Structure formats: C-alpha cells, structure tokens
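Note that the structure is a prediction, hence the values are computed from the model and not measured.
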Amino acid sequence: MDPDTLDELDRQLVHALQLDARAPFSRIAEVLGTSDRTIARRYGRLRSAHRLRVVGLPSPKHLGLTDWFVRLRCTPDSATQIAAALARRPDTSWVSLMSGGTEITCIARTRGRSDAEGLLLHKLPRTPRLVSVTAHSLLHPMAGTAGWPGRMKALSDKQITELSWQPPPDAQAPAEPDESLLAALAEDGRAAFPDLSRATGWSESTVRRRLDQLRAEGTVYFDIDIDPLLFGCASEAILWLTVAPAELRTVGAALATHQEIAYAAATTGPSNVVAFAVCRDGEALYDYLAGKLGALPGVLSAETAPVIRRVKRAGAPVG
C-alpha cells in the first residue's frame, strides 16, 4: 500500500469520521462491510504516522470567542522560527509559510475586546525581523464548516445516513464546557471515556452525558486533521477575495459547493472573503481561478498566495 495515498477503504474511513468523529470502529466497520479490527488498524496506521488526527474544538460562536485571520511579513531568515513559535500557541491554528518565505498566516482565537487588543500588541512574536502584522476578524463562515467537500465523497447516501451523528434524546440540557475536557479533546478527539474521566475528574457516565450535551448544542465540534497530499492534492493556496457586498451570500453559497474550497469565511479588511483552496497541482489551481471562481458574479478581484508548508493545521503542530 502506497503510504502517500489513500485507498478506497481509507477514504471511506475518513468520510465516516467527518460524519461522526467518535463513532465506534465496530459501527463504522458494519456500515462499510469490513471488520472492526481492520478499521482500527487503518486508523492506527494513519494516526501513528501523523497523517490523520481527530480533534475536538470549541465553537467560537457559542463561547463568545473571536477568530482572527493574521498575516505577518518578516525577513526570510526568521520565517521558520516565527511560524514555529506561533504553532506552539494553544490559541492558533492553520499556521502556514506562504510564497517567497517571507509571509506567515494563521488563525488566532481571542476572548473579548481586551484579549483582541492584546493580540497585536503583546501576544505575537516580538522581533525586529517581523516587518508587519495585520489581523482581520472572521465574521461569518461560508464553506467547509462540515469538512472539506473534497474528502467527503467516498460514501453512498445510505452510508452517510447510517453514520451521521445524531444527538441522543436526553442531550438537550445546556452544559458549560470544562477546560480540562476541551484540552483533552483538542489533543485527541477520539480519546476513550476512561481517559476523559481521568482528565476531568468526572465519572465516565458524566463525561458521556456532558459531551453529548456539548455536541448537541454545537458548543464542541470535531475536525479531521489530514494531509491533502493523501488525496493527491499537492497545491494549497490562500485566496483573498473582494466581493460586492450584495453578492456575499450568493458567493458564499457557491463556494460551499466547490470541492476545491476547504474553508471560506467573510472577513473584515480590504478584501472581504478569505478562502483556503486545495487542488491537485498548480495547473488545477489555475483552472479553478479562471473557471469556477472567476465565473461567480460579484467576485471583483482575487489575491492568491501558494502555501509552501503547513506548520500547524487544526490540531497540534505538523510533525
């Protein structure tokens, strides 16, 4: 088996985990028509090779948090060091080295106005090699909130229905998230209930009930941290789009259907939409820019920057 690609069963497993990140391997195996040992072995192989991680994350909307898209320009000799420092922070994700090696982008999460003010003044690396910093608030997610469409086409409609997570009937009572629970899920979204019990000091039944409540109300969601190279996609780029305000909803709805778009959101700043594009290669990226994206009414301009290297995705820094 080629370690740099996914076969059909691997792709089905990834799709299943996007539908329910904590689904038992036995349930996934039953729907996919294989053994739970096979599913566990496939997952273990990908996870041990640091190619796949399941992470549980708090929802900004439900917890009063704000996500900022940050761009840093620095001298070439300092980019790797600054990116690594950002990746080690618990409040950052999607840390990337961009084209030319003099630009870094990331998403930073803040609590309240004072925390947001401190983002630029105190929290980011302080070095004379940092030339400029800009930060724009992510106002509204447009695409990719339920996963990158490019990795969610391995299952049939029947399998999707059978594997999609449904909240239990008694999971509607509101629950306050616990920092220890959030930290454990950020490390491993599939952590077993005994492990979560030890991390929180709660009983396993309490952990199970609280997690069901948090998932049901959307306070906690799960993401699949996986290398696009495993899907044959070698070209990643960040797009800054300027869209006519009256067309924002229409453009956002269209981006949500594009398999090339892993995530998109409306932002503050000179461009009002940021998008993460994932394509087979540079030629495919060009075709997307000149074709589907360029044909969208209301897209007035697009700035494109290829990603040289992902230093951190949704979870821990990339190994």
How about Lys312 and Ser93: does a side-chain donor come under 3.5 Å of a side-chain acceptor? no
Can a side-chain donor-acceptor contact be found between Arg71 and Thr105 if the only test is distance below 3.5 angstrom? no
Lys NZ or Arg CZ of [X] over [Y] ring: under 6.0 Å, within 45°:
X      : Y      : answer
Arg210 : Trp202 : yes
Arg198 : Phe193 : no
Arg42  : Phe25  : no
Arg109 : Trp68  : no

Go through Leu241 and Glu303 one step at a time and tell me if the side chain to side chain contact (heavy atoms under 4.5 Å, CB included) criterion holds. CA-CA 6 Å; Leu241 310 179; Glu303 177 187 353; over 6 Å; no
Decide yes or no on salt bridge (charged side-chain N to carboxylate O under 4.0 Å, His left out) for Asp91 and Arg89, but give the supporting numbers first. CA-CA 5 Å; Asp91 55 358; Arg89 296 186 56 86; 2.9 Å; yes
Is the number of heavy atoms from other residues, nucleotides or ligands under 6.0 Å of [X] [atom1] greater than 12?
X      : atom1 : value
Asp157 : CG    : no
Glu30  : CD    : no
Arg208 : CZ    : no
Gln81  : CD    : no

Under 4.5 Å between side-chain heavy atoms, counting indirect links through other Ile/Leu/Val/Met/Phe/Trp/Tyr residues: same cluster for [X] and [Y] or not?
X      : Y      : result
Val133 : Trp240 : no
Leu138 : Trp94  : yes
Val307 : Leu86  : no
Leu296 : Leu285 : yes
Val14  : Ile160 : yes

For the residue pair [X] and [Y], what are the closest heavy atoms and their distance?
X      : Y      : result
Phe222 : Gly189 : CE2-O, 3.4 Å
Cys106 : Val95  : CB-CG2, 3.8 Å
His136 : Gly269 : ND1-CA, 3.4 Å
Ile104 : Cys74  : CD1-SG, 4.0 Å
Gly282 : Ser235 : N-CB, 4.0 Å
Arg129 : Asp77  : NE-OD2, 3.1 Å

If we only count heavy atoms from C-beta on, is the [X] to [Y] side-chain gap below 4.5 Å?
X      : Y      : result
Pro167 : Arg215 : no
Gln12  : Val31  : no
Val131 : Thr102 : no
Met142 : Arg249 : no

Could you give the distance from [atom1] ([X]) to [atom2] ([Y]), rounded to the nearest 0.5 Å?
X      : Y      : atom1 : atom2 : value
Asp195 : Arg190 : CG    : CZ    : 12.5 Å
Trp148 : Phe231 : CH2   : CZ    : 6.0 Å
Asp67  : Ser137 : CG    : OG    : 8.0 Å
Glu162 : Leu32  : CD    : CG    : 9.5 Å
Leu293 : Leu255 : CG    : CG    : 6.5 Å
Leu57  : Asp225 : CG    : CG    : 9.0 Å

Of Val273, Leu289, Val299, Val274, which meets side chain to side chain contact (heavy atoms under 4.5 Å, CB included) against Leu239?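 With Leu239 as partner, Val273, Leu289, Val299, Val274 yield a single side chain to side chain contact (heavy atoms under 4.5 Å, CB included), made by Leu289.
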Determine whether a donor-acceptor pair (N or O, by modelled atom type, separation under 3.5 Å) exists between the side chain of [X] and the backbone of [Y].
X      : Y      : value
His140 : Ala266 : no
Asp7   : Asp10  : yes
Thr267 : Ser271 : yes

Run the salt-bridge test on Arg53 and Asp223 with the 4.0 Å N-O cut-off and return the result as yes or no. no
Scan for salt bridge (charged side-chain N to carboxylate O under 4.0 Å, His left out) pairs involving residues 266-293, sequence neighbours excluded, and state none if there are none. Glu260-Lys292
Could you pull out all residues at least two apart from Ala16 that satisfy side chain to side chain contact (heavy atoms under 4.5 Å, CB included)?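 Listed in chain order: Ile28, Leu155, Leu163.
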Could you give me the CA-CA distance, side-chain angles and deciding distance for Asp36 and Arg27, then say whether salt bridge (charged side-chain N to carboxylate O under 4.0 Å, His left out) is met? CA-CA 8 Å; Asp36 52 351; Arg27 178 172 159 227; over 6 Å; no
Verify side chain to side chain contact (heavy atoms under 4.5 Å, CB included) between Leu72 and Glu103, making sure each step is shown before the conclusion. CA-CA 6 Å; Leu72 306 92; Glu103 184 172 355; over 6 Å; no
Applying side chain to side chain contact (heavy atoms under 4.5 Å, CB included) to Leu185 and Leu196, what does each step give before you reach the verdict? CA-CA 8 Å; Leu185 293 173; Leu196 295 177; 4.1 Å; yes
Show your working on side chain to side chain contact (heavy atoms under 4.5 Å, CB included) between Tyr288 and His258 and close with a plain yes or no. CA-CA 9 Å; Tyr288 173 69; His258 292 181; 2.8 Å; yes
For the pair Arg310 and Ser96, evaluate side-chain hydrogen bond (donor to acceptor under 3.5 Å, both in side chains) and give the outcome as yes or no after the intermediate values. CA-CA 5 Å; Arg310 291 282 188 204; Ser96 307; 2.4 Å; yes
